[in-house]
Amino acid sequence: QNDDFQWEKYLEETGSLSAPSEYFRQSKIPPANDFKVGMKLEAHDPRNTTSVCIATVVGVTGARLRLRLDGSDNRNDFWRLVDSPDIQPVGTCEKEGDLLQPPLGYQMNTSSWPMFLLRTLNGSEMAPATFFKKEPPKPPLNNFKVGMKLEAVDRKNPYLICPATIGNVKGDEVYITFDGWSRAFDYWCKYDCRDIFPVGWCNLTGDILQPLGSNVLVTKNTAKTQPPLSKAAQCSMQSPQDSAITLPTQKNKKSDRIKPPGYPS
Ligand code: MLY
């Protein structure tokens, strides 16, 4: 489904390794996504994580949901995996003796909240409990190594999952860099963060893996474990000043990359 970018070829051309799937806090077989647009659920407000709110599924993409908090605007949508602990069936909060809260930035007067809640839930389709999957366990250790390839959420454009590289490792944290893109998109995260996935994830979930950025510098990987050098890499070695080659990538069409997948336009 994604004919833009092929990991196999790219790994070979760059002489790089993909991070093994056991290193990630993701299930080996991605969870089924049975949610439908319009379904309601409970979600922790990302801007105020102690409060649990009502959210509506406004998009379904791969193993993730695009969510919008009821009573909030459409500029604060967020994405969660179907096995995220941040989401739960409607009724969970009440069962635990808690109250559903208005989202941060609730547009109406707080006094209208109880009535708003009744109305928003009335007649709505609630996501069945079976749609929510258990979060996979945390791998015991951070095994990531600098140079390993993976797929990662672009936190500046969180609907995008992109080819990425481990740029650094420090204790429990890894530094995520996006292949072909400026360092402006980089971030540090915990090794068990839910925003990073093994190579092949998007292919398995049916999500769209973004193309490489246009500045793809293919540097020779000098790790001992590297596979034999590809023809491209060997060529680059013949000219001494050419320690890096630039892979041709298709022009990145802006419109293609900023359209949120799974969101009805
Ligand atoms: N709106 C941005 C999108 C950049 C996406 C970068 N990611 C994929 C690392 C643009 O100006 O193209």
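All ligand and atom numbering here is 1-based and tracks the order in the structure.
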Y10-D179 side chain donor-acceptor pair, cut-off 3.5 Å: yes
Parallel, tilted or perpendicular, as decided by the 30° and 60° cut-offs, for the rings of Y159 and W79: tilted
Side-chain H-bond candidate by donor/acceptor type, D77 with N74, under 3.5 Å: no
Per-atom contacts, ligand 1 versus C162 - under 4.0 Å to a heavy atom: 8 (C)
Salt-bridge criterion met for R68 and D73 (N-O under 4.0 Å): no
Close-contact set for ligand 1 against N157 heavy atoms, below 4.0 Å: 3 (C), 4 (C), 5 (C)
For D154, the ligand 1 atoms whose distance to one of its heavy atoms is below 4.0 Å: 5 (C), 6 (C), 7 (N), 8 (C), 9 (C)
